[in-house]
Amino acid sequence: MSERDLLMIPGPVEFDPEVMRALGARTLSHLDPVFIATFGRALQRLREVCLAPSAQPFIVAGTGTLAMELAVANLVEPGDRALVVNTGYFSDRMALILSRHGAEVTQVRAPVGETPSPEAVAQALAQGPYQVMTVTHVDTSTGVRAPAEALVRAAHRQGVLSVVDGVCATAGETFHQDAWGADVYLTGSQKALGVPPGLALLTVSPRALAAWRARKHPVRSFYADWAEWLPIMEAYEAAKPAYFATPAVNLITALEVSLGQILREGMEARFARHRHMARAFRAAWRALGLKSLPTSEAATAHTLSALYYPDGVDASLVGRVRGQGVVLAGGLHPELKTRYFRVGHMNLVGPGEVLATVGAVERALIAAGHRVPPGAAVSAAQAALVDSAPAPD
């Protein structure tokens with residue numbers, strides 16, 4: 001990838017120069033007063049970004065998968081029942097993590113490209129009791145967006161803890177943790193939060209912390225145990241030094257910068273921008289005759305597009321688009337891996353990135369023999385961008 005190529009995969013994404021300067025700054029001691037203050041602000045800002053004023057934030061060196069395990073390891077004990085709302089590859093991963101920690105897992109599935117209905121999930125919850133229900137807000141493998149609010153509220157009515165995987169959604173898709181009653185919202189740093197890979201992040205409700213404190217058995221994972229991390233998070237937020245494992249100093253410094261940028265934009269404005277850019281992308285895909293993997297508008301993410309290759313075009317299209325200066329991702333879901341490609345559109349994405357990306361895809365499709373009027377995709381995206389009406393959530 002050349003320095004001029006535009007990175008439009010579903011993470012890592014393009015990062016703001018100010019964030020990258022923070023990442024490349026001189027590394028401080030993790031007990032330096034300047035870093036302690038930075039870490040404290042990052043924790044406070046994460047709570048604000050997740051719209052979770054009552055939650056306890058955790059920022060731990062690791063990946064989105066570690067964030068999943070940080071939730072599961074602390075809330076599940078051997079023999080507990082767990083309900084997985086399955087919308088793709090990462091829901092499968094959540095089910096595996098739950099099983100590894102001794103949970104008895106039940107899954108509510110839908111065909112690939114669809115999401116189980118809130119009614120089907122509510123019916124499954126009624127067959128409980130369940131300790132936890134997990135939802136992948138946006139599955140990175142399929143571009144399917146689950147109806148998170150309705151599902152979280154259904155779990156809350158049944159007294160079931162809800163764990164929402166926001167790795168491909170947090171700070172890009174509408175989510176109100178406290179207002180909706182979600183117990184854990186987890187994510188990684190490298191997508192809509194706008195920080196290079198390496199941080200696992202969670203915001204945990206008082207109800208989830210109470211359930212953790214009432215455990216009968218020790219947490220099976222030493223590194224993932226909230227008992228080790230909670231005193232550290234509390235200390236940093238109180239501007240006091242603490243140590244369990246060395247934090248990712250520069251990544252946390254970059255996170256504090258990025259979270260500040262996100263909050264200055266405003267959460268509702270940021271959600272609306274992602275919806276608006278996604279609407280422009282979808283207009284372009286329709287103009288190119290491309291079919292989305294999600295089968296309905298309601299189930300389609302605003303943070304990425306998953307698109308089937310048209311007839312006569314194969315996976316070499318991704319390389320052709322890269323030759324046009326834009327980096328896309330191939331398929332990930334094992335059932336369809338060679339049949340589709342993915343375009344990430346989160347964090348910094350604005351009109352310039354939209355038009356550059358759809359133009360590159362259009363040119364690559366034409367070079368691959370797909371018949372489409374030159375300029376059709378760019379014109380369609382431009383028309384959608386000019387229309388300033390807010391896109392429905």
Side-chain angles (χ1 to χ4, degrees), residues 22-23 25-50 52 54-77 97-98 100-102 132 161 163 165-167 170 177 183-190 193 195-259:
L23 184 67
R26 177 172 172 266
T27 301
L28 298 176
S29 163
H30 57 288
L31 302 179
D32 187 292
V34 172
F35 176 69
I36 292 170
T38 297
F39 201 162
R41 285 193 300 272
L43 290 162
Q44 294 163 9
R45 289 174 177 178
L46 180 61
R47 190 183 284 117
E48 294 177 57
V49 164
C50 294
S54 73
Q56 171 61 53
F58 290 83
I59 301 173
V60 177
T63 66
T65 300
L66 175 65
M68 297 164 75
E69 188 150 28
L70 279 160
V72 169
N74 289 278
L75 294 181
V76 168
E77 300 188 66
I97 295 170
L98 284 159
R100 289 282 183 93
H101 284 275
V132 299
L161 296 170
V163 174
D165 173 354
V167 170
T170 306
Q177 183 171 351
D183 290 297
V184 177
Y185 197 37
L186 64 91
T187 192
S189 55
Q190 74 274 19
L193 282 181
V195 179
L199 294 176
L201 307 106
L202 302 88
T203 41
V204 179
S205 74
R207 192 168 76 128
L209 288 172
W212 162 68
R213 290 189 174 102
R215 289 178 63 94
K216 297 180 178 65
H217 306 95
V219 172
R220 289 184 169 188
S221 169
F222 178 62
Y223 188 70
D225 191 349
W226 289 350
E228 305 296 343
W229 289 111
L230 181 58
I232 308 304
M233 302 301 122
E234 291 175 334
Y236 274 112
E237 200 162 4
K240 298 176 182 178
Y243 173 76
F244 165 58
T246 305
V249 172
N250 285 55
L251 280 168
I252 292 169
T253 302
L255 175 69
E256 189 262 347
V257 171
S258 186
L259 293 176

Engineer: Can you tell me how far CG of Leu251 sits from CD of Gln190, rounded to the nearest 0.5 angstrom?
Structural biologist: 10.5 Å
Engineer: Roughly how far, to the nearest 0.5 Å, is the CZ atom of Phe35 from the CG atom of Asn250?
Structural biologist: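 So the CG of Asn250 and the CZ of Phe35 are separated by 8.5 Å.
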Engineer: Do the rings of Tyr243 and His30 sit parallel, tilted or perpendicular, given the 30° and 60° boundaries?
Structural biologist: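 Correct class here is tilted.
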Engineer: So which atom in Arg215 and which in Leu75 form the shortest heavy-atom distance, rounded to 0.1 Å?
Structural biologist: NH1-N, 3.9 Å
Engineer: Please give me the minimum heavy-atom distance between Ala254 and Ala22, naming the atom from each residue.
Structural biologist: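 Looks like CA-CB, 3.8 Å.
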Engineer: With a 6.0 Å cut-off (strictly less than), is the heavy-atom count around CZ of Arg100, excluding the residue itself, greater than 12?
Structural biologist: no
Engineer: What's the spacing between Leu202 CG and Trp226 CH2 if we round to 0.5 Å?
Structural biologist: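 So the CG of Leu202 and the CH2 of Trp226 are separated by 7.0 Å.
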Engineer: Let me see the working for Glu256 and Thr253 under side-chain contact (heavy atoms from CB on, under 4.5 Å), right down to the final yes or no.
Structural biologist: CA-CA 5 Å; Glu256 189 262 347; Thr253 302; 5.6 Å; no
Engineer: I need the Leu66 CG to Ser221 OG distance, nearest 0.5 Å.
Structural biologist: 7.5 Å
Engineer: In the structure I gave you, are the side-chain heavy atoms of Asp183 and Val132 within less than 4.5 Å of one another anywhere?
Structural biologist: no
Engineer: If you take all heavy atoms of Ala200 and Ala67, which pair is closest and at what distance?
Structural biologist: CB-N, 3.6 Å
Engineer: Spell out, as yes or no, whether a donor-acceptor pair under 3.5 Å connects the side chain of Asn74 to the backbone of Val219.
Structural biologist: no
Engineer: Please check this pair: side chain of Arg45 against backbone of Gly40, looking for a donor-acceptor N/O pair closer than 3.5 Å.
Structural biologist: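 Between the backbone of Gly40 and the side chain of Arg45 there is no qualifying donor-acceptor contact (under 3.5 Å).
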Engineer: If you look at every heavy atom in Trp229 and Ala245, which pair is closest and at what distance?
Structural biologist: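 So the two residues come closest at CH2-CB, 3.9 Å.
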Engineer: I need the Arg220 CZ to His101 NE2 distance, nearest 0.5 Å.
Structural biologist: 8.0 Å
Engineer: Closest heavy-atom contact between Gly188 and Leu193?
Structural biologist: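 It is O-CD1, 3.8 Å.
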Engineer: Quick one, Trp212 with Asp225, criterion side-chain contact (heavy atoms from CB on, under 4.5 Å). Give me CA distance, side-chain angles, the key distance, then yes/no.
Structural biologist: CA-CA 10 Å; Trp212 162 68; Asp225 191 349; 3.9 Å; yes
Engineer: Treating Thr187 as the side-chain partner and Gly166 as the backbone partner, does any N or O pair qualify as donor plus acceptor under 3.5 Å?
Structural biologist: yes
Engineer: Do Glu228 side-chain atoms and Phe222 backbone N/O form a donor-acceptor pair below 3.5 Å?
Structural biologist: no
Engineer: How about Ile36 and Pro241: do any of their side-chain heavy atoms sit closer than 4.5 Å?
Structural biologist: yes
Engineer: Among Leu43, Leu186, Leu255, exactly one meets side-chain contact (heavy atoms from CB on, under 4.5 Å) together with Leu201. Which residue is that?
Structural biologist: Leu255
Engineer: May I ask you to decide if Leu230's main-chain N or O and Gln56's side chain share a donor-acceptor pair within less than 3.5 Å?
Structural biologist: no
Engineer: Say you draw a straight line from OG of Ser205 to CG of Leu161; how long is it, rounded to the nearest 0.5 Å?
Structural biologist: 7.0 Å
Engineer: Dump the intermediate steps for side-chain hydrogen bond (donor to acceptor under 3.5 Å, both in side chains) on Thr203 and Gln177, then the final yes or no.
Structural biologist: CA-CA 9 Å; Thr203 41; Gln177 183 171 351; 2.6 Å; yes
Engineer: Can you see which heavy atom on Ala242 is nearest to which on Ala235, and at what distance?
Structural biologist: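 Taking Ala242 first and Ala235 second, the nearest heavy atoms are CB-CB, 3.5 Å.
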